[in-house]
Every structure is written in C-alpha cells, then in structure tokens.
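One structure below.
Letters A, B, ... are given to chains in the order of the sequence lines, protein chains preceding strands, and every chain is numbered from 1. Fair warning: this is a prediction, and the values are worked out from it, not measured in the lab.
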There are 2 protein chains.
Amino acid sequence: MTEKPPVRARRTTLADVAARAGVSVPLVSIVMRDAPGASAATRERVREAADELGYRPDSRARMLRRSRTQLIGVVFGVQHPFHGDLVSGLYTAADTAGYELALSAVTPGRNESRAVASLLQDRCEALVLLGPSLPTTELADLAARIPVMVVARPVRSKAVDVVRTDDAAGIQLAVDHLVELGHYRIAHIDGGRAPGAAERRRGYREALSRHGLDEVVILPGGLTEDEGAEAARHLLALSSRPTAVTVFNDRCATGVLDVLHRERFSVPGDMSVVGFDDSSLASLSHIALTTVAQDAERITTLAIARAIARLDGHDAPDEREQVIAPHLVVRSTTASPDIEPAAAPSRGVQTFST
Amino acid sequence: MTEKPPVRARRTTLADVAARAGVSVPLVSIVMRDAPGASAATRERVREAADELGYRPDSRARMLRRSRTQLIGVVFGVQHPFHGDLVSGLYTAADTAGYELALSAVTPGRNESRAVASLLQDRCEALVLLGPSLPTTELADLAARIPVMVVARPVRSKAVDVVRTDDAAGIQLAVDHLVELGHYRIAHIDGGRAPGAAERRRGYREALSRHGLDEVVILPGGLTEDEGAEAARHLLALSSRPTAVTVFNDRCATGVLDVLHRERFSVPGDMSVVGFDDSSLASLSHIALTTVAQDAERITTLAIARAIARLDGHDAPDEREQVIAPHLVVRSTTASPDIEPAAAPSRGVQTFST
DNA sequence: TTGAAAGCGCTAACAG
DNA sequence: CTGTTAGCGCTTTCAA
C-alpha cells in the first residue's frame, strides 16, 4: 500500500483570484457576489481568472463574516416517505427566497435532540421540524432561542409556529366523496394516539352528522398494515356491515385491502376504502388507493415564508398555527356500492347505474 | 401585525465565556475542546460560565480556522427508501470516526450537480454519492478535486472509489435457496438497463449453470410494479411454467405477486418469488417477500473508512472497488414446489414433505 | 498553566 | 470604480 503524505492542496481563495486578475481581494468579492461597484471590464477579467483557477467561494467564511447566515435548518425522518416530499418543497421555497437549507436527519441511532444540536452549531437562523416527537416543553425552550416551525404535527404551545394539514377536513372530504357515491354506512378505522388521529376521528364524526348519518362506527386501528388487517377483520364481522371505510393512513389501509382480498371481498364493489397521506404506497398501480393528499408544496411554502417573516421581525400572533386544506385523490378503491337485496336501504331507495 | 425591529440577539461567543470566567479566550477554547493545557480548577470555572451563558461553539468559525473541516458530504435521493438506511449507517460510521456529515438531497427540483456544488461550497473533505446518475466522466472530474466514494452503483472509471453490493452473488443466493427447496425450473425477471441489472442477470445464469440447470428463462421486467405485473403475465403464459422466479427488485416483485394473486395462483404453493433490496415493501406483513438484503451497515462503514483513508493519504489502488456480499432474508413467498402430477419432474423424482 | 498575537477566507466600511 | 483597513469566532503559534 502506498503511504503518501496527505497531499491536500490548499483551496483556491479570493486572494488567489485577486493575484491572478491583478486586482484587490474585495473587488473580487464584489464580482463574485454580483454586487454593484465594479466595471464591466474588471468583472470580465476577474471572472476569467476565477474560472481558470476553478474558484469556489467558501460558504463558511462567507457566513462567518456576514451577520446573517441565510441558513434554515431542517430536521426530518430519514425513513418517512412524506418527509421526502416536504424536503423537496422546502428546498424550492428556500431557494426562491434566497436562503440555504441545512439538513439534519433523525435515524434509529440519532435522535431529534442531536439533530437539532448540530443545526444550532451550524448557526441556522431558523428551524423547521418535520413531525417532531419532542415534548412540547422542549419545543418551547428551543423556540426561545430561535424561530421554530413545526410541520405536520399539532402543538399546544403558542411558542412555536405550526403548519399542518387540516386532518378533520381531510376525512370530511373522504366521507363527502363516499356519500356522493351513495354510501350511507361508513366506518372509520382510526390511528389511536398517533398525531392527527384525534382530529381525523373528529372529522369523521362531524361529516357523518352533517350528512344526517347516525351510524358511527369507529374501529381501533393504528399506523401499520398489521393493525389495519386486524381492524378489517372486525369490520367484516360487524352484524350490519358498512359498505365503505375511511382509514387513518395509507399503510393501515393497505392492511385492510389485503384482508378484504383474502376474504374474497371485491373492492370497491363490496367495500370502498379511502386512505390518508397519498404515500407512494397508494399510487402503486395494483393498490390504486383513493386517498387524502396533503399539500406538501403549500405546507413548505408557508413554513419557509413564516420562518423568514420571523427573522425579519414580523410577529403574527394570530397566525401561529396555519392549517392547510388537503385534497382527495380518487383512484380505484372507491365506487358506488353494489346493490345487494339483503342490504337494501331501508330509508328511501337509492339506485345507481352500473 | 406587530412590526418589531429584527431583535436577533448576538450569539454568545468564546469571548463572552472568557470574560465571565475571567480568563483568556484561547484558554476557553482549550477547555471546550477538551484539549490538554488547562488546570482542573480553570476547567471547572470555564465550564460553569459556558453553561450559564448557554454557549454553543460555532462550527463555521471552528472549521474556518482549522485546516481540516472533518466534514464528509453525502448526496442522497430523498425518495429512495434504501438511501435512508445508508444515511443512517453513514451517520454512525462518521460519528465513530470523529467526522461530521453534511447532507445534500437530490429532489425533483434539485439535481445531483447542484447537490454536489453546495457540498463543495461547504468545504467537505470527501464526498459520498448514493446511487448517483452522473455520467462517469463527471464523476472522474469531481474525483480530481476531492475524494469521491460512489455507493450502490458500479462505475467503470478508476478515478473514484466504489462500494457496492455483489449483485451477482445476491441472485445466486436466491437461486441456491430455491434449488435447495426443490425447484429446478427457475425464471428471472430482469431490470433492463437499470444499474445492477446486468450483474444480476449474470448471477442468475451462473447459478443455474452451477446447479446443472439449463432452462434459462429471462423475462424483461423493470424497476416498477407495473413492469413486474407485465412480466408476470408473460411468465404465466409460458408453456412449461417455472415453479419459481427471481425478480430484479422488491417493487417489481410486488407487481408479480399481485398478478399471481389475481390469477388465483397460490404463493408460494404454485410459484415461489424472490425479490431484491429488502425494502420496507418486502417486510409488509401481507407481502412478506423473501428477498436479497444489502448490508447497509457494512457498505456505509467501508465507504466512510475508505474516505478517511484517502484523506489520510492512504491510497489503495487495488481496493478501488469494494464488493459486499448480500444475504438472503427468507419470508413467506418461497417454499418447496407443490407436486403437480402434470408437472412431475422427468429427471429423477424428487419428493418433499408437506 | 496561561495569555498575547496572528490569521483562516471572506465581506463591510471607508478612503482615495 | 478601486484599494486599504478591520474584524466575524475560532484555533494556533509562541512567550511569559
């Protein structure tokens, strides 16, 4: 094995470029930043020199010198598919606003506190936390040091800003859709204590009542497909079986679908199913789940805008929590209910063409 | 709306801590870094002052002053589940070695070049690229400036280091497993021009030949479940139908499974199926796909180790490419073939207990 | 063991 | 328009 000394060539700096172009360092700085204060001719020469030397500005030195870093820190779960969508949107939004993003992942071996700590060391000016599980008190403590945007999770504290989907409205969209198709016996498989679950339960209740439906059927579910499968079995065992079901999330809905298929139930013929999240799972062509989609673009745009507003000193106590409307993505797991003689509606006959 | 001036309190610095503790700045630096050269009493006092002031070192200033940044840049695809596993492993490996990670995501609106550029501006000392799609020439150009580790993709150029799974060996594991179960008519659904597909095809061929099996059945597949579904239909239409199939990846295998189920084929009774990746898809309990798992931990450990070796000036031309053995995860989609009278083996009867 | 001085690469504030 | 001077927060000499 060759044992060379670490030949790490020093990076080319502004000084190098300045020397080659025969001008002062600050002048090069001006040119590189496209700041006013240099003649066209000089710009030309400096650019040329920089290119020849392959100059790259040092963002660290730059941030150190500037009072502002223009850096927004993002904490995300490396395994959560929806966080991917959010990160994409955040990049776009930050870029548009002239900010950079610093990513810090939460992994099985790296908790949120560590992720946040590293962002603080990087001198981020604001933090965007995607679905954080930190206790409210810690979030509040953090918010005392630096503007904190919590995304996709409701927080009771008024110390942090929150941008989240209107979970209740999402389920209501689902129920509206099902009612429109002619369903009137609609169940809900819930998410237990998961964030958003309570809201979605509430949305289900409200939607039913709004449509004058009084058969509230809420089955305990969860976040996983196994829990969905379990709930589906209970669903099928019900004496007066619903013709449709809204499920806490896509993953759980997948479990429901699986049991339905195994038990030879036709979807959507015998049972319509609606998920929540519009995850990649839902769009798999053999699943083709009708689901409630969160508006990642809007959520991220608002989160960045809010963070920057904070940095600019604009406080808006009345906008601490921004609740974004979701929309329904109709795929193949919902349709009008098949008319079974046994289950003929007892209150006003409703019929549907094929 | 309240319009306060941006009250951005200046961060507490070493100087603040020094003043409070009544010592010089460099001494505080020594204490904060746990470097030798300070008395126990001083350390105590400095620590106390730092705590009271809530001091956090500024990583930018630190890196600027040090010759080394101890930073390794990582480019990953924000939507790729396996990249999540890799990022997790990289964090752990880097942490152990005393390095930090700088994450840069590839998103629909942010290509690899941008992701790399931002890492270069951050003065990373080495780059780890997860499944990059950059052309080989660009990778080589990049490697001329900075050590580059390419993970999970074979690269012909000797300029970059590569750490990847032994794709051929993976498929061979799958075939060995199937042969052991008693299968001798084994098909392969391939990944076309996808990275690794050629290797996997080769592994399939070699494994069959090693077992003295000469019925090579390679069906064009792809990376998606739709392509898998398509291939599965061809598979079922084959005159002398295989009893088992190895599929390019889990996603494609999911499509295969779906068609099998729809056509009322029992898995694994009528057909055994093996995937590749051990993605979260594979472990969904209602899929429970037997699959080939890549050793993310080993891959990431080696990638980091290699990067650091490079930085330390250790060149190892013979280790430019490190090929890691995968392992088989047996779940519920593989079993001994059902003995159908019609398909009774014509060359030495093989029987199997239930 | 401690402190003073210098400088990492850059930008801001000024002078010419 | 251009150059000089100063300093961001930190670490590294080097003296004391």
Side-chain angles (χ1 to χ4, degrees), chain A residues 8-47 49-50 53-71 98 100 118 120-125, chain B residues 8-47 49-50 53-71 98 100 118 120-125:
Chain A
R8 220 175 346 275
R10 199 178 54 72
R11 283 299 209 134
T12 68
T13 70
L14 277 190
D16 300 324
V17 180
R20 191 173 231 283
V23 295
S24 72
V25 169
L27 202 44
V28 179
S29 168
I30 284 172
V31 174
M32 297 317 290
R33 282 178 292 135
D34 282 321
S39 70
T42 308
R43 279 185 203 280
E44 175 81 11
R45 258 189 325 135
V46 169
R47 284 252 163 64
L53 266 41
Y55 171 75
R56 306 259 160 205
D58 183 326
S59 65
R60 269 143 231 284
R62 178 174 283 185
M63 287 173 183
L64 181 59
R65 188 55 182 82
R66 282 175 180 271
S67 50
R68 314 243 342 231
T69 59
Q70 306 262 96
L71 244 194
E100 302 261 315
S118 94
L120 290 178
Q121 293 215 160
D122 287 346
R123 289 296 181 268
C124 292
E125 298 189 297
Chain B
R8 222 175 344 277
R10 200 179 53 73
R11 285 300 212 133
T12 68
T13 70
L14 277 190
D16 299 324
V17 179
R20 192 175 233 284
V23 296
S24 71
V25 169
L27 203 44
V28 179
S29 168
I30 285 171
V31 174
M32 298 316 291
R33 283 177 292 133
D34 282 319
S39 69
T42 307
R43 280 185 202 281
E44 173 81 12
R45 258 188 326 135
V46 169
R47 284 252 162 65
L53 265 43
Y55 170 75
R56 306 259 161 203
D58 183 325
S59 65
R60 270 144 231 285
R62 178 174 283 183
M63 285 174 183
L64 182 59
R65 190 55 182 86
R66 283 175 180 270
S67 50
R68 315 247 337 234
T69 60
Q70 307 263 99
L71 242 196
E100 301 264 315
S118 93
L120 290 177
Q121 292 215 158
D122 287 347
R123 291 293 182 269
C124 292
E125 299 190 297

Next on the checklist: Would you say B:Thr42 places a side-chain N or O within less than 4.0 Å of OP1 or OP2 belonging to C:dT2?
Outcome noted: yes
Just distance, no hydrogens or angles: give the donor-acceptor pairs under 3.5 Å from side chains in residues 23-32 of chain B, sequence neighbours left out.
residue	atom	partner	partner atom	Å
B:Ser29	OG	B:Arg33	NE	3.0
B:Ser29	OG	B:Arg33	NH2	3.0

Atom [atom1] of [X] to atom [atom2] of [N]: distance rounded to whole Å?
X	N	atom1	atom2	value
A:Arg62	C:dC8	CZ	C1'	16 Å
B:Arg11	D:dC10	CZ	P	10 Å
B:Arg123	C:dC10	CZ	C1'	11 Å
B:Gln70	C:dC8	CD	P	20 Å
B:Met32	D:dG9	CE	C1'	13 Å
A:Leu14	C:dA12	CG	P	12 Å
B:Met63	D:dT11	CE	C1'	14 Å
A:Asp122	D:dC10	CG	P	13 Å

Checklist entry - For the helix from C:dT1-D:dA16 to C:dG16-D:dC1, how many degrees between its two end axes (five pairs per end), to the nearest 10°? => result 40°
Checklist entry - At under 4.0 Å between heavy atoms, what does B:Arg60 touch on the DNA or RNA strands: base, sugar-phosphate, or nothing? => result nothing
Item to check | Nucleic acid contacts - residues 15-31 of chain B versus DNA chain D, non-hydrogen atoms under 4.0 Å | outcome: B:Val25, B:Pro26, B:Ser29
Checklist entry - Is there a side-chain contact between A:Arg123 and B:Arg11, using heavy atoms and a 4.5 Å cut-off? => result yes
Checklist entry - Got A:Gln121 and B:Arg60 here, is their nearest side-chain heavy-atom distance under 4.5 Å? => result no
Can you tell me how far apart [atom1] ([X]) and [atom2] ([Y]) are? Round to the nearest 0.5 Å.
X	Y	atom1	atom2	result
A:Leu71	A:Asp122	CG	CG	7.0 Å
A:Tyr55	A:Leu14	OH	CG	3.5 Å
B:Gln70	B:Cys124	CD	SG	12.0 Å

Checklist entry - Which heavy-atom pair separates A:Pro36 from A:Arg43 by the least distance, and what is that distance? => result CA-NH2, 3.8 Å
Item to check | Minimum heavy-atom distance between A:Thr69 and A:Met63, given as atom pair plus value | outcome: O-CE, 3.6 Å
Checklist outcome for this item: Sorted by chain and number, sequence neighbours left out, side chain to side chain contact (heavy atoms under 4.5 Å, CB included) with B:Glu44 holds for B:Glu48
Next on the checklist: Give me each pair satisfying salt bridge (charged side-chain N to carboxylate O under 4.0 Å, His left out) with a member in residues 19-31 of chain A, each pair once, sequence neighbours excluded.
Outcome noted: A:Arg20-A:Glu52
Got a list of protein N/O to nucleotides 6-8 of chain D N/O distances below 3.5 Å?
residue	atom	partner	partner atom	Å
D:dG7	N2	A:Arg65	NE	2.2
D:dG7	N3	A:Arg65	NE	3.1
D:dC8	O2	A:Arg65	N	3.3

Next on the checklist: What's the closest nucleotide to the side chain of B:Asp58 if the choices are C:dT11, D:dC10, C:dG9?
Outcome noted: D:dC10
Checklist entry - Going through the distances and angles, do A:Arg47 and A:Asp34 end up as a salt bridge (charged side-chain N to carboxylate O under 4.0 Å, His left out)? => result CA-CA 11 Å; A:Arg47 284 252 163 64; A:Asp34 282 321; 2.6 Å; yes
